[in-house]
**Student:** 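Sharing a structure, written as structure tokens. Questions coming.
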Amino acid sequence: MNAIEQRAGEAGNVTAPVYVYGIVSADVQPPAEKGVLGAGVSTVRHGSVAAVVSYLASERVRAKRRDLLAHSDVLQAAHARGVVLPLRFGMLFHSEAELHDRLLDPLEGELRSLLRQFEGLAEMRVRASYHDRESILAEVVRDDPEITRLRGSGRSHAELVRLGELAAKRFERHRATDAEAVIGRLGAHSVQIQSDAPDGELGIVKASFLVRDRDRKRFDDELDAVALGLRHLVQFTCTGPLPPHSFAVLPDEGAA
Amino acid sequence: MALATQGTASNYLQRAPSPSGLADVVDLILDKGLVIDAFVRVAVIGIELVTIDARIVIASVDTYLRFAEAVNRLDLMQTEAAGLKELRDGGNGHDKGKGMAEGAKKAISGNGKERSGSGD
């Protein structure tokens, strides 16, 4: 441990900038993970809530890839110990006093309420994409008489454009149908859904589901069934259980 | 990897208990999570944040021509693997009209293939 970490590890280092990962209940022990910029992780308590923090050497810091992963790891570790309200990456206070004055004190009630609200809930992050262009396109165009008629050599420019337009529209419709089915089936076991634009030309779904711990098995089984049914065309990934990054919002600020 | 049948019991659904790759993490912690004005925001370097909108927003001729090309390039063996039984030949049906003077009006069976030897 270097001198900075050592000093930061001491309680109440009011002069160092404070990096905040998330909010937990005051009685929770901080996770043992190393945090951003290799700093140690501790908690700053305020009444019934606490901030999970690292003290940094300076405010003028630039974070790198590994710091993003570290932030995520700290939150995962905190989540294993109880509810954590995740903060967006990169939130730094000038000092611990500011942390109290501008976050923990004015918002203690809201934060406590949110912690209760997210008790027993976790985020499941699901992505689905077509394996490759060829297989989904083949699926989309076969049995389509108009597309079939327009395929092959010797077509005019206008016919090619028409062929492409038909294929593009059929593809989009197929994708929208698949997305709706996936989200619908998984959503049935979820308290809330946050759907983002999927990645890339082959992306179908990129969505977060807020799932009760007691419903997780049903959710997982449903995901297995959906993925099994679509396996010839679609690849699924599921990350979780995660802290509720996509769902925890402060009432007034309307964050995230 | 052009085969239509993909995905075995183990790989069509990949589960991870935590985000491990940057792609997983970036979405969750850069765009989501609680934000308050009081914070000083730490800048992130070395990360390219590229948002790709998957939907075909620009219904341009270029987009359509790309699709047409992709459709014409489809390996017929693949559509056979996907369940179309009438296709027998592989890969030689689509010349993309490079100087081939064949008329478009030949006897084309329902699958759009040129005359194939065996039954359709």
Side-chain angles (χ1 to χ4, degrees), chain A residues 59 61-65 68-69 71-72 76 85-94 102-103 131-135 137-139 141-142 148-149 151-155 160-161 163-165 167-168 172 197-201 203 224 227 231-232 235-239 245-246 248 250 253 255-256, chain B residues 1-2 4-7 12-16 18-19 22 24-30 32-36 38-47 52-56 61 63-68 70-72 74-75 78-79 82 84 93-97 100 102-104 110-112 114:
Chain A
E59 277 181 28
V61 288
R62 292 274 186 275
K64 298 198 171 78
R65 281 176 160 79
L68 294 178
L69 292 167
H71 176 104
S72 171
Q76 283 300 113
L85 307 173
L87 262 60
R88 188 164 298 191
F89 180 84
M91 300 298 164
L92 190 63
F93 282 103
H94 300 296
R102 307 191 72 173
L103 173 60
H131 290 303
D132 54 66
R133 210 188 202 192
E134 289 73 25
S135 57
L137 214 46
E139 174 74 12
V141 306
R142 69 178 182 158
T148 297
R149 184 180 61 78
R151 287 178 67 185
S153 53
R155 297 282 175 263
L160 278 177
V161 172
L163 169 59
E165 182 186 12
E172 271 310 319
D199 292 325
E201 153 182 278
D224 277 335
R231 72 190 180 285
H232 296 300
Q235 174 70 42
F236 278 83
T237 64
C238 177
T239 310
H245 300 271
S246 306
L250 284 167
E253 310 287 341
Chain B
M1 278 241 254
T5 38
Q6 286 206 28
Y12 58 81
L13 167 57
Q14 284 168 354
R15 292 182 185 280
S18 310
L22 201 61
D24 275 355
V25 158
V26 160
D27 278 349
L28 289 170
I29 70 177
L30 283 178
K32 298 165 190 282
L34 298 176
V35 176
I36 298 181
F39 296 102
V40 173
R41 193 74 195 272
V42 172
V44 182
I45 57 166
I47 311 284
I52 303 164
D53 190 341
R55 295 157 298 164
I56 301 162
V61 167
T63 304
Y64 294 157
L65 286 174
R66 276 195 298 109
F67 263 86
V71 169
N72 278 329
L74 283 176
D75 182 352
Q78 183 173 312
T79 53
L84 260 181
H94 302 287
D95 298 289
K96 298 194 199 149
M100 293 284 286
E102 45 193 286
N111 55 33
E114 302 173 29

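Basis for what follows: all heavy atoms, side chains included, without hydrogens, waters or symmetry-related copies. Predicted model, so just to flag it, every value in this text is computed and none were measured.
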**Student:** Please round to the nearest 0.5 Å and tell me the distance separating atom CD1 of B/Ile29 and atom CG of A/Leu69.
**Tutor:**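 The CG atom of A/Leu69 is 7.5 Å from CD1 of B/Ile29, to the nearest 0.5 Å.
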**Student:** Grab the two heavy atoms, one from A/Arg133 and one from B/Arg66, that are nearest each other, plus how far apart they are.
**Tutor:**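 Looking at all heavy atoms of both residues, the shortest contact is NH2-NH1, 3.3 Å.
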**Student:** How long is the span from the CZ atom in A/Arg142 to the CG atom in B/Leu74, to the nearest 0.5 Å?
**Tutor:**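 Going from CZ on A/Arg142 over to CG on B/Leu74, the span is 12.0 Å.
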**Student:** For the residue pair B/Leu34 and A/Ala248, what are the closest heavy atoms and their distance?
**Tutor:**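 Where B/Leu34 meets A/Ala248 most closely, the heavy atoms are CD2-O, 3.2 Å.
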**Student:** How far apart are the closest heavy atoms of B/Ser18 and A/Thr239, and which atoms are they?
**Tutor:**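 That closest heavy-atom pairing would be C-CG2, 3.5 Å.
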**Student:** Are A/Val161 and B/Leu65 close enough that some pair of their side-chain heavy atoms sits under 4.5 Å apart?
**Tutor:**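 A/Val161 reaches B/Leu65 side chain to side chain.
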**Student:** Measure across B/Leu13 and A/Gln235 and return the closest heavy-atom pair with its distance rounded to 0.1 Å.
**Tutor:**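 That closest heavy-atom pairing would be N-NE2, 4.1 Å.
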**Student:** Mind listing the closest non-hydrogen atom pair of A/Ala167 and B/Val71 along with its distance?
**Tutor:**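 Between these two residues, the closest heavy atoms are CB-CG2, 3.6 Å.
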**Student:** State the CG-CZ distance between A/Leu160 and B/Phe67, to the nearest 0.5 angstrom.
**Tutor:**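 Going from the CG atom of A/Leu160 to the CZ atom of B/Phe67 covers 14.5 Å.
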**Student:** Rounded to the nearest 0.5 Å, what's the gap from CG on B/Leu28 to CZ on A/Arg88? Could you check?
**Tutor:**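 CZ of A/Arg88 is found 11.5 Å from CG of B/Leu28.
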**Student:** At a 4.5 Å cut-off on heavy atoms, which part of A/Gln76 comes close to chain B: side chain, backbone, both, or neither?
**Tutor:**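 When you check distances to chain B, only side chain atoms of A/Gln76 fall under 4.5 Å.
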**Student:** Do A/Thr237 and B/Asp24 have side chains that approach each other closer than 4.5 Å (heavy atoms only, starting at C-beta)?
**Tutor:**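 Side chain of A/Thr237 against side chain of B/Asp24, heavy atoms only: no contact under 4.5 Å found.
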